[in-house]
Amino acid sequence: MRIGVCHYPEALPRDGWGNDARSMKALGLDLVRIGEFAWSTFEPARDSFEFDWFDEAIEVFSTAGLGLILGTPTAAPPLWLSLERPSILLTHPDGRRAQHGSRRHVCMTSEAYRSEAARVVGALLDRYAGHPAVVAWQVDNEPGNHDSARCWCDECQTAFSVWLERRFGTIDALNQAWGTGFWSQTYPDFESVALPVPTLAPHHPSLLMAHRKFASDQSVDFIAAQTRLIRARVGAGVEITTNLYAEDLAVDARAVAALDGLASMDSYPHGTGSPMTTAFHLDLTASAAGPTTRAWVMEQQAGPVNWTEINPQVPDGQVRVWTWQAALHGFDALLYFRWKPARHGQELYHSGLHRHDGSPTAAFDEIAATIEELRRIGPLPAPRPRVALLHSYKDAWAIDINPHRKGLSHRSIQLEAYRAARRLGLEVAIVDSTTDLSRYEFVLAPGLQVTTPERILAITGALEAGTRVVLGARSLVVDRENAWSDQTLPAGLHHRLGARVVDHLSQTDPVTIDPYGVPAGVWTDVLEAGEAAVLATYSGGTFLDGRPAVVENAGLFYAGFASEEAWTALLADLTGATAGPPDTEVFERGARRFVIDHRRLTVTW
Ligand code: GAL
């Protein structure tokens, strides 16, 4: 794994760059990312570009032997541009324009912004496209973060109407697909389908779903335009990627990764809670564009952040564990955030690899030792998971629009199965149904909310090839427009399953699963077994006692529960694996077996 760091030459004294570069090299780093957010320094006034300072930074870092990742600065437009072309600014649902003073306050649809983005990226390409030290370009920075993917400006409204017309062809088709007779919501034409703003009672779930998809598409288009510009002008060996914050659901990470084949994410484990959530993010990114996607961690937390509720300390040994975790999840590169902390601006209390006076933080030596350790081990063979978790942003949007129970989310439902697999020492690829599922022994599909013919074909194809598929609670319920299916559930697979889901209970009773004796969790799908074999039953619960909890027919399973314990018990049964301690990950890599114990902060092999 290549290791690097993020540096902000626009904010750090010029006479310190040389020392920074040499010290990076001495630490064992070989990549440095610069430039994202630096638009007002690149172009203080329209068309008067100032690149001398950047030339010098590039020269200093490349002379020291570091490979450069250049960020395009479009997550932070300069004030003069917002004043000159206010239509670039994101509009909130209440019609207010976002104000200058932070970042990401732009509309991804705005033609003005798209052309300004192309102009500044063009200027950077004119100067640096052929530079031999530039190994990669990062397009934008965390699109979708800070809830920035959705905008309510007039241009978005028009684009949404056009997007809907392309999707449906006629307004009658839309009215039919969305069932707009409900609460008298019939639309006379596409122009009158307003972008959803807060309503008295809930808004229409099909419209909300369409809006999420539209917003994601707009961001992907925005990124794609820059990616194309760069790809046309740089050599084949130069990477292009966009770093996403994997906890965000606003932008479909698969569509972004597919643009140029390299996925990247920013990893801030303190923002997301448990180590297994970080593992989930890593696996989601690592398989973002299919099982062979390459992936980078573009920003790795290396000390306390400044934006969570508590911002706790980072204990000794933690940065080493985070670094190993990325390496073992198959990442090709990792860059720590950031070389020096900021003395100005919004991130004063955010740590870096140094203090504000330039002295190194505790992470510094730990990183040196970790790099040395990784070097000694040498390149690791790629992960070869037996298990895939079926995931899509459409399912996430559908369940988040209709959680039906406070606190329930697509991510929470998926994490139960994911954590169980990890607990059993199983590695997991997180893929969507365009991937060839037959390459996995087991496919787990909890919260596979949306049923589509393509998806059903992918699953039946995998079943025919001998893969065992375990559908979990809340699967195959709605169609692609987020309307309830008119078929028996699980829609599209109930014949194949030989069983049906007849009800869904947001659970208030202490239900357990027999024979495992573990809790069923907060959600229980009610099953009727038909010809399917009953592998487990619910125990306790007003409506459920003795009824099937897990059924199976010829390799297709349906598990109605929603708890990590029940997933662990079922998967242990199916795979023959034994549960290890929680928050522990096992990785088989060639002849070596690595174990990360996140509670003790150890990595052993
Ligand atoms: C990331 C962002 C960085 C920095 C960092 C702080 O989300 O990409 O620019 O703000 O958070 O943790």
Side-chain angles (χ1 to χ4, degrees), residues 4-12 31-42 69-78 101-106 108 136-149 219 222-223 226 241-251 253 256 262-273 277-278 281-282 284-285 295-314 318-319 322-323 326 331 333-356 361 363 367:
V5 72
C6 307
H7 188 278
Y8 293 89
E10 68 275 25
L12 290 164
L31 292 171
V32 59
R33 181 191 67 171
I34 52 175
E36 93 283 8
F37 305 133
W39 196 336
S40 72
T41 319
F42 289 143
I69 301 165
L70 300 195
T72 73
T74 50
S102 185
R103 62 179 177 185
R104 293 235 61 84
H105 45 282
V106 282
M108 294 284 93
W137 289 70
Q138 174 190 303
V139 170
D140 206 81
N141 187 81
E142 293 189 347
N145 196 229
H146 313 307
D147 198 11
S148 61
S219 292
F222 180 84
I223 302 161
Q226 289 191 39
T241 187
T242 291
N243 57 331
L244 295 176
Y245 183 53
E247 186 73 359
D248 285 338
L249 295 174
V251 180
V256 174
L262 175 66
S264 62
M265 65 175 267
D266 295 343
S267 187
Y268 291 94
H270 280 189
T272 47
T277 308
T278 303
H281 290 157
L282 291 166
L284 177 62
T285 306
W296 291 10
V297 173
M298 197 59 95
E299 297 175 14
Q300 171 64 59
Q301 179 178 354
V305 298
N306 68 322
W307 47 267
T308 69
E309 284 183 13
I310 308 288
N311 299 315
Q313 65 194 26
V314 168
Q318 179 66 85
V319 176
W322 285 336
T323 307
F331 279 66
L334 172 143
L335 286 87
Y336 297 105
F337 187 87
R338 49 191 283 163
W339 181 246
K340 283 184 173 156
R343 284 188 51 234
H344 306 97
Q346 277 88 331
E347 297 184 337
L348 297 184
Y349 268 90
H350 199 295
S351 63
L353 304 194
H354 298 83
R355 296 186 191 82
H356 294 83
T361 57
I367 289 169

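Order of listing sets the numbers, starting from 1, for every ligand and every atom in it.
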Proximal ligand 1 atoms for E142, defined as those under 4.0 Å from one of its heavy atoms: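 Counting from 1, the qualifying ligand atoms are 1 (C), 2 (C), 7 (O), 8 (O).
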Heteroatom distance test (Y8, ligand 1): nitrogen or oxygen, under 3.5 angstrom: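 Not met; the criterion fails.
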Region of R103 engaging ligand 1 - heavy atom pairs below 4.0 Å: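 For R103, the contact with ligand 1 is made by the side chain alone.
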Close N or O approach (E36, ligand 1; < 3.5 Å):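 No: no nitrogen or oxygen of E36 is under 3.5 Å from one in ligand 1.
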Numbered atoms and elements of ligand 1 in range of W307, under 4.0 angstrom, heavy atoms: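 The list of qualifying atoms is 6 (C), 12 (O).
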Exercise: identify the closest heavy-atom pair between V251 and G144: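 V251 and G144 have their closest heavy atoms at CG2-CA, 3.9 Å.
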Ligand 1 to E347 polar contact by distance, N or O atoms, under 3.5 Å: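 N/O-N/O distance under 3.5 Å: yes.
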Stepwise side-chain contact (heavy atoms from CB on, under 4.5 Å) check, I367 with V319: CA-CA 7 Å; I367 289 169; V319 176; 3.8 Å; yes
Close-contact set for ligand 1 against D266 heavy atoms, below 4.0 Å: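 Numbered from 1, ligand 1 contributes 8 (O).
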Value rounded to 0.5 Å, distance of CD in Q301 from OG1 in T272: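 Here the rounded value is 8.5 Å.
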Enumerated ligand 1 atoms positioned under 4.0 Å from heavy atoms of H350: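 Result: 6 (C), 12 (O).
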Intermediate values then yes/no, side-chain contact (heavy atoms from CB on, under 4.5 Å), V305 and F337: CA-CA 10 Å; V305 298; F337 187 87; over 6 Å; no
Donor on one side chain, acceptor on other, S264 and Q138, under 3.5 Å: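 There is no such pair (donor and acceptor under 3.5 Å, judged by atom type) between the side chains of S264 and Q138.
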Close approach, R338 and ligand 1, non-hydrogen under 4.0 angstrom: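 The answer is no: ligand 1 sits nowhere under 4.0 Å from a heavy atom of R338.
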Nearest-neighbour protein heavy atom for atom 2 (C) of ligand 1, which is reported as residue plus atom name and distance: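 Nearest neighbour among protein heavy atoms for atom 2 (C) of ligand 1, to 0.1 Å: E299 OE1, 3.3 Å.
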F337 to ligand 1, any heavy atom closer than 4.0 Å: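 Flag set, F337 near ligand 1.
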Top protein contact for atom 5 (C) of ligand 1, by heavy-atom distance: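 Answer, as residue, atom name and distance: Y268 OH, 3.3 Å.
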Min N/O separation N145 to ligand 1 under 3.5 Å: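 N/O-N/O distance below 3.5 Å does not exist for this pair.
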Per-atom contacts, ligand 1 versus F37 - under 4.0 Å to a heavy atom: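 So the atoms of ligand 1 that pass are 9 (O).
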Part of N243 within contact of ligand 1 (heavy atoms, under 4.0 Å):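 Neither part.
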Per-residue contact class, N306 against ligand 1 - non-hydrogen pairs under 4.0 Å: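 The answer is neither; N306 stays 4.0 Å or more away.
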Plane angle bin for H281 and Y245 - parallel if under 30°, tilted between 30 and 60°, otherwise perpendicular: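 Ring orientation of Y245 relative to H281: tilted.
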Check ion pair R33-E299 (N to O, under 4.0 angstrom):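 A salt bridge links R33 with E299.
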Contact summary for L31 and A333, nearest pair of heavy atoms: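 L31 and A333 have their closest heavy atoms at CD1-CB, 4.0 Å.
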W322 ring center within less than 6.0 Å of H270 ring center: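 Ring centroids of H270 and W322 are less than 6.0 Å from each other.
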Distance-only polar pair, side chains of D248 and N145, donor-acceptor under 3.5 Å: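 Yes - a donor-acceptor pair under 3.5 Å links their side chains.
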